[in-house]
K.L.:
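Mind looking over this structure? Questions follow.
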Protein chains: 2
Amino acid sequence: MERVRVGLKDVARLAGVSVKTVSNVVNGYVHVTPATRTRVEAAIKELDYRPNLSARNLRQGRTGIIALAVPELDIPYFAELARLVVARAEERGLTVLIDQTGASKEREQLVAEGFRAHLIDGLILSPLALTPEDLAARMDNTPMVLLGERVYEGPADHVVVDNVAAARKATLHLAALGRRRIAAIGAQDDAAAESSRLRLAGYRQALREAGLPADDRLVVPVRDYHRADGAHAMARLLDSGQTPDAVFCFNDLLALGALRTLLERGHSVPGEVALVGFDDIEDGRYATPTLTTISPDKQAIAGLAVDLLADRMAKRVVQGSRVEAREIRVPYRLVIRESTSG
Amino acid sequence: MERVRVGLKDVARLAGVSVKTVSNVVNGYVHVTPATRTRVEAAIKELDYRPNLSARNLRQGRTGIIALAVPELDIPYFAELARLVVARAEERGLTVLIDQTGASKEREQLVAEGFRAHLIDGLILSPLALTPEDLAARMDNTPMVLLGERVYEGPADHVVVDNVAAARKATLHLAALGRRRIAAIGAQDDAAAESSRLRLAGYRQALREAGLPADDRLVVPVRDYHRADGAHAMARLLDSGQTPDAVFCFNDLLALGALRTLLERGHSVPGEVALVGFDDIEDGRYATPTLTTISPDKQAIAGLAVDLLADRMAKRVVQGSRVEAREIRVPYRLVIRESTSG
DNA sequence: ATGAAAGCGCTAACAG
DNA sequence: CTGTTAGCGCTTTCAT
């Protein structure tokens with residue numbers, strides 16, 4: 001038994017009205033007699049009619065779909081963000097489609113250049129490999145909101161956390177504990193690695209303020225921001241003989257990896273080495289010791305990203321794309337847990 | 001400066017050919033003179049033409065979009081699955097849109113009943129709250145693939161792991177270590193909680209085989225499968241005076257929560273209490289001690305789900321929806337780590 | 001308050 | 001190998 005394709009026309013016929021009237025009912029217009037409305041609604045239910053979105057989209061020139069482009073969905077920070085973005089979008093009647101860039105410059109560029117043109121109305125992008133120049137040179141004019149530090153002056157909104165200030169705060173916390181040899185894990189050579197650069201700056205600034213010497217042997221570069229990178233970085237640091245008494249890791253995954261290496265080798269945390277991360281992912285709250293970390297307001301990040309994007313999408317319809325780029329700073333907190341206070 | 005809406009017609013005019021020819025080029029048809037092709041391609045680049053997907057979809061009756069419905073994106077198991085599904089779908093030219101059901105029956109039903117009708121061509125659903133009856137009563141006939149144990153005989157494919165056998169294997173592993181008081185964390189009252197029911201069955205079967213008494217005080221129910229639930233369940237177990245010498249947790253998050261509680265209270269793992277989880281999420285590989293777990297082949301789950309779905313979508317076009325429901329069993333392994341072998 | 005008809009951009013017959 | 005044309009299902013003037 002094959003379900004029949006049912007359209008507005010069929011509903012109209014059954015209800016004995018015109019297509020326009022059915023459309024009005026479906027779209028909740030006001031000027032419809034209650035009687036007519038009831039009749040139409042009955043017909044809709046009877047036929048199990050569902051509007052064809054493709055047709056509606058074609059007609060209206062929009063789809064109600066936005067894309068969220070993140071490096072990878074199973075990086076907890078982005079998974080948490082994605083959950084919040086999807087939830088907020090839903091509240092606003094928007095559907096979210098996910099693009100995974102793998103932090104590859106090519107994929108990020110593809111996404112930014114709108115390879116989903118005509119399918120999405122807007123884009124939330126977490127650029128990792130794209131340089132400010134790349135972004136400034138963007139041709140596509142689909143509304144876009146960028147997540148992460150501001151790196152670009154084009155007509156795109158940014159939702160940012162003050163990475164320098166947050167990294168400084170994390171490092172000062174370690175210094176205040178009396179730690180003198182504070183290492184940093186998470187430096188990246190890559191020119192595009194904005195947040196790495198900024199967190200490093202905050203770390204160095206804090207050392208200066210605390211009157212501690214900046215020892216480059218305590219700054220460990222990583223390839224990626226995964227647990228494995230943190231574990232390897234920590235191992236390299238220990239192997240080099242540069243045992244620190246504290247480590248600021250540029251994200252929680254690095255910190256969890258580093259923690260693993262430390263415990264594996266019999267170092268006590270925070271006894272011998274104190275540890276701070278960045279992101280406040282749930283893992284850190286259940287690690288042993290629990291992880292001190294910088295906690296950005298993810299709810300705000302996701303909510304604002306969707307709101308800004310929706311606003312820009314609306315504006316675009318009315319007045320082209322001539323809207324000032326806005327930058328919104330989101331609050332963060334230092335959450336002190338056992339890895340610095342056990 | 002407003003970008004002009006450019007369509008096939010414009011490209012055709014510029015290239016001096018008909019729309020059909022442009023369409024042929026765009027869709028990579030064979031019968032096009034190289035010369036013509038080049039000319040058309042030049043025009044496309046010149047105008048920065050992008051096909052309007054809504055129009056194409058409307059015409060073809062499909063969208064190339066599939067939905068992945070999971071309880072929540074930041075549950076690591078589902079995040080890992082989502083990453084793999086999105087990646088595999090992309091390989092097949094499909095776009096994935098995410099629905100978060102929050103394991104709510106209402107939301108799951110909405111998704112299964114096709115509230116995205118005409119927007120998606122197919123659906124991959126991980127049902128948590130839906131009962132077999134709910135699913136059997138499904139009206140919508142969008143192709144669907146179910147993830148998890150088979151609970152339903154309708155025309156939907158299933159990608160499953162043998163929960164009973166896997167749980168049995170995990171429990172037998174603990175018994176083989178000489179543990180006698182093996183607890184289980186993760187029972188659920190909910191009638192819809194298939195995998196909980198099955199894992200519990202496997203656990204009990206293993207106890208019987210190992211000649212161990214089944215003590216219901218060692219079976220701890222939970223509300224959800226999050227870290228917090230595991231932590232609380234373990235606390236309740238310890239508080240009840242029923243200290244076990246091993247615990248089989250029905251997923252890794254429960255195990256990580258339980259681990260936290262054990263360490264917090266000074267119990268050694270695996271010394272006093274050995275621990276096994278289920279899912280093999282990355283967290284478990286970096287916990288201290290690292291977590292022994294059942295590792296389902298997630299790559300296979302995601303890949304097969306997409307493949308089965310794509311196959312069913314193709315078949316539907318050809319021959320309606322008359323295809324046997326298929327059930328595919330995916331392999332799993334017991335991965336022994338420190339939490340049972342330290 | 002409702003109806004009639006045009007057309008969004010594309011693909012697929014059907015011609016040639 | 002390429003051109004012409006008819007809709008896909010919907011919203012939206014413009015009438016009534």
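Numbers restart at 1 for each chain; the letters A, B, ... are given by sequence-line order, proteins then strands. Quantities reported herein were computed from a predicted structural model and do not represent experimental measurements.
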K.L.:
C:dA1 P sits how many Å from A:Arg39 CZ, rounded?
P.N.:
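After rounding, the gap between these two atoms is 15 Å.
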K.L.:
Report, as yes or no, whether the 6.0 Å neighbourhood of atom CD on B:Glu91 holds more than 12 heavy atoms from other residues, nucleotides or ligands.
P.N.:
yes
K.L.:
Starting from C1' on C:dC10, measure out to CG on A:Leu119 and report it in whole angstrom.
P.N.:
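My rounded result for the distance is 15 Å.
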K.L.:
Where do B:Val96 and B:Ile98 land on the side chain to side chain contact (heavy atoms under 4.5 Å, CB included) test, with the steps shown first?
P.N.:
CA-CA 6 Å; B:Val96 178; B:Ile98 304 276; 4.3 Å; yes
K.L.:
Would you say a side-chain N or O of B:Asn57 is under 4.0 Å from OP1 or OP2 of C:dC10?
P.N.:
no
K.L.:
Respond yes when some side-chain nitrogen or oxygen of A:Thr21 is under 4.0 Å from OP1 or OP2 of C:dG3, and no when none is.
P.N.:
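It does, given that an N or O in the side chain of A:Thr21 lies less than 4.0 Å from OP1 or OP2 of C:dG3.
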K.L.:
Rounded to whole angstrom units, what separation is found between the CZ atom of B:Arg50 and the P atom of C:dC10?
P.N.:
13 Å
K.L.:
Near DNA chain C, under 4.0 Å by heavy atom, which residues of residues 9-20 of chain B?
P.N.:
B:Lys20
K.L.:
Looking at B:Arg50 and A:Asp140, does any basic side-chain N land under 4.0 Å from a carboxylate oxygen?
P.N.:
yes
K.L.:
Just the endpoints, please: which first and last nucleotides of DNA chain D, 5' to 3', lie under 4.0 Å from a heavy atom of chain B?
P.N.:
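So the contact region on DNA chain D extends D:dC1 to D:dG9.
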K.L.:
Just compare C:dT2, C:dA6, C:dG9 and give me whichever is closest to any side-chain atom of A:Arg59.
P.N.:
C:dA6
K.L.:
Just checking, is any N or O donor in the side chain of A:Thr21 or A:Asn24 under 3.5 Å from an acceptor N or O on the other one?
P.N.:
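The answer is no; no qualifying pair exists.
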K.L.:
Considering all heavy atoms of both residues, which atom of A:Ser54 and which atom of B:Asn57 are nearest to each other, and what is their separation?
P.N.:
OG-CB, 3.2 Å
K.L.:
Give the rounded distance in Å between these two atoms: CZ of A:Arg37 and P of C:dA1.
P.N.:
11 Å
K.L.:
On the nucleotide C:dA1, are OP1 or OP2 found under 4.0 Å from the side-chain N or O atoms that A:Thr33 carries?
P.N.:
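For C:dA1, neither OP1 nor OP2 has a side-chain N or O of A:Thr33 closer than 4.0 Å.
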K.L.:
Look at atom CD of A:Gln60 and say whether more than 12 heavy atoms of other residues, nucleotides or ligands are closer to it than 6.0 Å.
P.N.:
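Enclosed: over 12 neighbouring heavy atoms sit under 6.0 Å from CD of A:Gln60.
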K.L.:
In whole Å, what is the span from the CG atom of B:Asn27 to the C1' atom of C:dC10?
P.N.:
9 Å
